[in-house]
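The structure under discussion appears below in the form of structure tokens.
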Amino acid sequence: MAAQSTTAPALPLPEATPTFTAPAAWRAIDFISDLHLAAYTPRTFDAWAAHLSHTRADAVFILGDLFEVWIGDDLAESDFETRVVAVLKAASQQRTIAFMAGNRDFLVGDALLESLGVMRLQDPTLLVAFGQQALVSHGDALCLGDTAYQRYRSVVRRAGVQRAFLALPRSWRRGIGQRARKYRDSPRLAQERRYVDVDADAAQGWLQDAGAPVLVHGHTHAPASHALAAGAVRHVLSDWDLERDAAPRAEVLRWTASGFARIAPETADPARPA
Ligand SMILES: [Mn+2]
């Protein structure tokens, strides 16, 4: 037994953490996150759409930041959003597609997901599949070292604040979204945020509370698998960025009865039967 901490847990697992049990017939679940899709990311969009269409997995679980920014379902009528919505709707007729909100797209609404046949995943959720258990999260709630961000998060995740924002005219929301993106992408902010990672004690605490040996999360854009205490492991998902020719990034974490594997996104393969 590992040494017991005498201090309170850094961040207790939310009491309302739901459990999702995969159907017994499932053989594989894909996890992706942090695609940051936008009108100016056509290559990343195409790779994502192809994977959703051609993956051999029974389900694709999107663990947050599918969108670079989402400022209201009523804006889903514009061109880029319309194309994303069409891909999700077609994919959900082939296999289970699940969506967890990230810090960029927490304003995606239940009505939109329902209309697309996409399953909402709460953050965090305990998954049971293949006789195993894994806790999944976007990951931003676990970055306790980023105290300024955690203060911001506690405000913008309030239902009343979100209702007030969504009541603003569309043009205002577009302007706010563009300014927020400029601020987040500023070199100064990137420098400040570079070393903020998931808090290892908080991650370990969540797994102990959940009774699960595996945590899967995104958000940090630092894909790796980290050993935690007592044989537990933390799988960090890759972000996706195929817009630059140098160092393209796109990766899927596939969960099967054999465990977890990192694979390239699947594409149309004429040699493979549909
Ligand atoms: Mn994020």
Side-chain angles (χ1 to χ4, degrees), residues 11 14 30-38 40-41 44-45 47-48 60-72 80-81 84 88 97-109 113 118 120-125 134-158 161-162 165 176-200 202-203 206 215-226 234-243 249-253 262 265:
L11 186 75
D30 287 346
F31 298 102
I32 56 176
S33 74
D34 301 281
L35 292 96
H36 294 267
L37 296 181
Y40 51 81
T41 66
T44 312
F45 177 94
W48 167 74
V60 179
F61 283 23
I62 302 166
L63 300 185
D65 289 357
L66 172 62
F67 300 104
E68 172 67 3
V69 63
W70 190 266
I71 51 178
F80 160 72
E81 285 85 356
V84 174
L88 287 171
I97 306 293
F99 173 87
M100 177 183 286
N103 53 300
R104 304 291 190 95
D105 50 15
F106 57 84
L107 289 173
V108 171
L113 295 180
V118 173
R120 163 81 75 185
L121 277 181
Q122 298 302 322
D123 184 358
T125 291
L135 189 68
V136 296
S137 173
H138 180 57
D140 57 319
L142 288 164
C143 295
L144 301 182
D146 195 345
T147 52
Y149 171 71
Q150 294 302 334
R151 276 197 302 276
Y152 160 84
R153 187 180 195 275
S154 73
V155 172
V156 298
R157 292 300 184 95
R158 286 178 201 152
V161 172
Q162 295 188 4
F165 179 81
I176 290 167
Q178 279 161 10
R179 276 200 297 281
R181 185 157 60 225
K182 266 185 204 148
Y183 173 69
R184 283 184 304 239
D185 292 344
S186 75
R188 186 182 65 82
L189 194 72
Q191 189 66 31
E192 285 173 6
R193 293 276 160 85
R194 177 169 292 170
Y195 299 109
V196 177
D197 197 358
V198 159
D199 184 281
W206 270 18
L215 175 66
V216 176
H217 72 83
H219 180 63
T220 59
H221 299 201
S225 295
H226 302 277
R234 175 166 73 92
H235 293 298
V236 187
L237 300 174
S238 171
D239 54 311
W240 288 37
D241 183 355
L242 300 174
E243 305 316 310
R249 290 162 74 88
E251 189 182 75
V252 175
L253 183 70
R262 295 177 187 275

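Read the numbers this way: they start at 1 and go in the same order the structure lists the ligands and their atoms. The structure presented is a predicted model; accordingly, all values stated were derived computationally and were not measured.
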One should read off an interatomic distance between Leu242 CG and Leu35 CG, to the nearest 0.5 angstrom, of 9.0 Å
Interatomic distance, CG@Asp239 vs CG@Asp65, rounded to 0.5 Å, equals 10.0 Å
Roughly how far, to the nearest 0.5 Å, is CZ of Arg262 from CG of Leu253? 5.5 Å
Leu11 and Asp199, any side-chain heavy atoms less than 4.5 Å apart: no
Hey, what's the ring geometry for Phe99 with Phe67, parallel, tilted or perpendicular (30° and 60° as the breaks)? tilted
Partner residues of Phe45 under the ring pair (Phe, Tyr, Trp, His ring centres under 6.0 Å) criterion, sequence neighbours left out: Trp48
Counting no waters, what protein N/O/S atoms lie under 2.8 Å from the Mn ion (ligand 1)? Asp65 OD2, Asn103 OD1, His138 NE2, His219 ND1
